[in-house]
S.K.: 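The structure follows.
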Amino acid sequence: MTAKIAYDDVEVGTELPAQAFGVTRAALVRYAGASGDFNPIHWNEKFAKEVGLPDVIAHGMFTMAEAIRVVTDWAGDPGAVVEYGVRFTRPVVVPNDDEGATIEVSGKVAAKLDDNTVRVDLIAMSSGQKVLGMSRAVVRLA
């Protein structure tokens with residue numbers, strides 16, 4: 001597959017379609033099993049509170065993976081992402097209820113680079129707080 005978005009059709013400031021991703025305790029347990037990260041702060045409310053957290057929190061890499069979906073869905077090919085990095089600024093707190101938490105992600109093209117690549121800057125929010133900082137991806141377009 002290759003990116004479905006053409007480099008020549010994109011300008012600095014082009015906004016990617018924003019998305020919201022639900023996060024439940026069940027999703028965290030499944031992610032722990034898939035990733036091998038069984039740290040109890042991600043599934044044990046009592047332990048999370050004992051170490052000073054407000055509640056169970058989502059894995060940072062889970063949050064990072066959900067955020068990049070905005071880029072891969074826009075580009076049309078996950079393989080188009082050639083570089084991706086974030087700073088973890090705040091945790092995604094996941095309450096033990098039927099709703100869980102929501103990660104809201106928006107992005108825009110911040111720079112057109114060489115070799116048909118663009119830098120996309122992402123904003124990831126949960127409960128009104130920014131949960132990822134310096135969230136940037138370099139994407140090779142068609």
Side-chain angles (χ1 to χ4, degrees), residues 1-7 9-113 115-142:
M1 290 181 73
T2 58
K4 295 179 182 177
I5 305 293
Y7 179 82
D9 293 340
V10 174
E11 299 298 329
V12 171
T14 298
E15 293 187 14
L16 283 61
Q19 294 187 52
F21 305 99
V23 185
T24 63
R25 295 273 180 99
L28 297 182
V29 170
R30 287 191 300 274
Y31 182 83
S35 69
D37 182 352
F38 294 102
N39 187 324
I41 64 173
H42 303 304
W43 56 270
N44 184 316
E45 184 174 333
K46 180 179 179 285
F47 182 84
K49 289 182 177 183
E50 285 174 356
V51 298
L53 294 169
D55 208 330
V56 165
I57 63 171
H59 303 74
M61 297 302 284
F62 176 91
T63 303
M64 191 177 174
E66 291 292 70
I68 197 64
R69 288 175 56 189
V70 167
V71 176
T72 59
D73 288 354
W74 171 72
D77 177 13
V81 176
V82 296
E83 184 178 317
Y84 179 45
V86 306
R87 286 190 184 162
F88 301 107
T89 56
R90 288 191 178 359
V92 174
V93 178
V94 183
N96 190 19
D97 60 18
D98 292 335
E99 295 179 27
T102 302
I103 303 168
E104 299 166 336
V105 184
S106 61
K108 69 178 177 179
V109 174
K112 290 186 83 168
L113 309 170
D115 200 22
N116 280 18
T117 60
V118 296
R119 189 187 86 219
V120 174
D121 290 353
L122 297 168
I123 297 174
M125 307 282 291
S126 184
S127 297
Q129 296 191 333
K130 195 172 182 180
V131 295
L132 298 177
M134 298 294 291
S135 184
R136 297 178 172 173
V138 175
V139 185
R140 186 172 324 283
L141 301 179

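It should be emphasised that the depicted structure is a prediction, and the values quoted were computed from it without experimental measurement.
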S.K.: May I ask you to decide if Leu132's main-chain N or O and Ser135's side chain share a donor-acceptor pair within less than 3.5 Å?
M.R.: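 Not a single qualifying donor-acceptor pair exists.
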S.K.: Do Val109 and Arg119 have side chains that get closer than 4.5 Å, going by heavy atoms?
M.R.: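 No. Closest side-chain heavy atoms not under 4.5 Å.
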S.K.: As an exercise, state the distance from NZ of Lys130 to CE of Met125, rounded to the nearest 0.5 Å.
M.R.: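 Taking NZ in Lys130 and CE in Met125, the distance rounds to 8.0 Å.
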S.K.: For Pro95 versus Ala101, what's the shortest heavy-atom pair and its separation?
M.R.: CD-N, 4.2 Å
S.K.: What I'd like to find out is whether the side chain of Met61 reaches to under 4.5 Å of the side chain of Phe88, using heavy atoms alone.
M.R.: yes
S.K.: With respect to Gln19, which candidate in Val105, Asp73, Ile103 satisfies the side chain to side chain contact (heavy atoms under 4.5 Å, CB included) definition?
M.R.: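 Per the side chain to side chain contact (heavy atoms under 4.5 Å, CB included) rule, the option paired with Gln19 is Asp73, out of Val105, Asp73, Ile103.
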S.K.: Suppose we screen for side chain to side chain contact (heavy atoms under 4.5 Å, CB included). Which residues come up paired with Asp115, at least two apart in sequence or across chains?
M.R.: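 For Asp115 the side chain to side chain contact (heavy atoms under 4.5 Å, CB included) partners, ignoring immediate neighbours, are Arg140.
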S.K.: Treating Thr89 as the side-chain partner and Val131 as the backbone partner, does any N or O pair qualify as donor plus acceptor under 3.5 Å?
M.R.: yes
S.K.: So that I can tick it off, tell me whether Arg25 and Glu45 are bridged by a salt bridge, with the cut-off set at under 4.0 angstrom between side-chain N and carboxylate O.
M.R.: yes
S.K.: What's the spacing between Ser126 OG and Glu66 CD if we round to 0.5 Å?
M.R.: 11.5 Å
S.K.: For Ala110 and Val12, which heavy atoms make the closest approach, and how far apart are they?
M.R.: O-CG1, 3.6 Å
S.K.: Going from OG1 on Thr63 to CD1 on Ile57, what distance comes out if it is rounded to the nearest 0.5 angstrom?
M.R.: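 Here the interatomic distance stands at 8.5 Å.
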S.K.: Report yes if some heavy atom in the side chain of Asn96 is under 4.5 Å from a heavy atom in the side chain of Val56; otherwise report no.
M.R.: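 A side-chain contact under 4.5 Å is absent here.
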S.K.: What's the separation between atom CG in Leu141 and atom OH in Tyr7, rounded to the nearest 0.5 Å?
M.R.: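 Rounded to the nearest 0.5 Å, the CG-OH separation comes to 8.5 Å.
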S.K.: Let me confirm one number: the CZ-CD distance from Arg136 to Glu83, rounded to the nearest 0.5 Å.
M.R.: 10.0 Å
S.K.: Test Val92 against Phe62 for side-chain contact (heavy atoms from CB on, under 4.5 Å), laying out the working first.
M.R.: CA-CA 10 Å; Val92 174; Phe62 176 91; over 6 Å; no
S.K.: Is the backbone N or O of Val10 less than 3.5 Å from a side-chain atom of Lys112, with the two atoms forming a donor-acceptor pair by type?
M.R.: yes
S.K.: Starting from the C-alpha separation in whole Å, work towards a yes-or-no answer on side-chain contact (heavy atoms from CB on, under 4.5 Å) for Val82 and Val139.
M.R.: CA-CA 6 Å; Val82 296; Val139 185; over 6 Å; no
S.K.: So do the side chains of Val118 and Val138 get within less than 4.5 Å of each other, counting heavy atoms only?
M.R.: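 A side-chain contact is absent here, since even the closest heavy-atom pair is not under 4.5 Å.
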S.K.: State, with a plain yes or no, whether a side-chain heavy atom of Trp74 is found less than 4.5 Å away from one of Ile5.
M.R.: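 Yes, side chains in contact.
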S.K.: Only pairs under 3.5 Å count here: list side-chain donor-acceptor contacts from residues 26-39, not counting sequence neighbours, and write none if there are none.
M.R.:
from: Ser35; atom 1: OG; to: Tyr31; atom 2: O; distance (Å): 2.9
from: Ser35; atom 1: OG; to: Asp37; atom 2: N; distance (Å): 3.1
from: Asp37; atom 1: OD1; to: Asn39; atom 2: N; distance (Å): 3.2
from: Asn39; atom 1: OD1; to: Ile41; atom 2: N; distance (Å): 3.1

S.K.: Please report the closest heavy-atom contact between Val23 and Ala58, naming both atoms and the distance.
M.R.: CG1-CB, 4.3 Å
S.K.: Of the options Leu122, Val120, Val71, which is the one that meets Tyr84 in a side chain to side chain contact (heavy atoms under 4.5 Å, CB included)?
M.R.: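 Among Leu122, Val120, Val71, the one meeting side chain to side chain contact (heavy atoms under 4.5 Å, CB included) with Tyr84 is Leu122.
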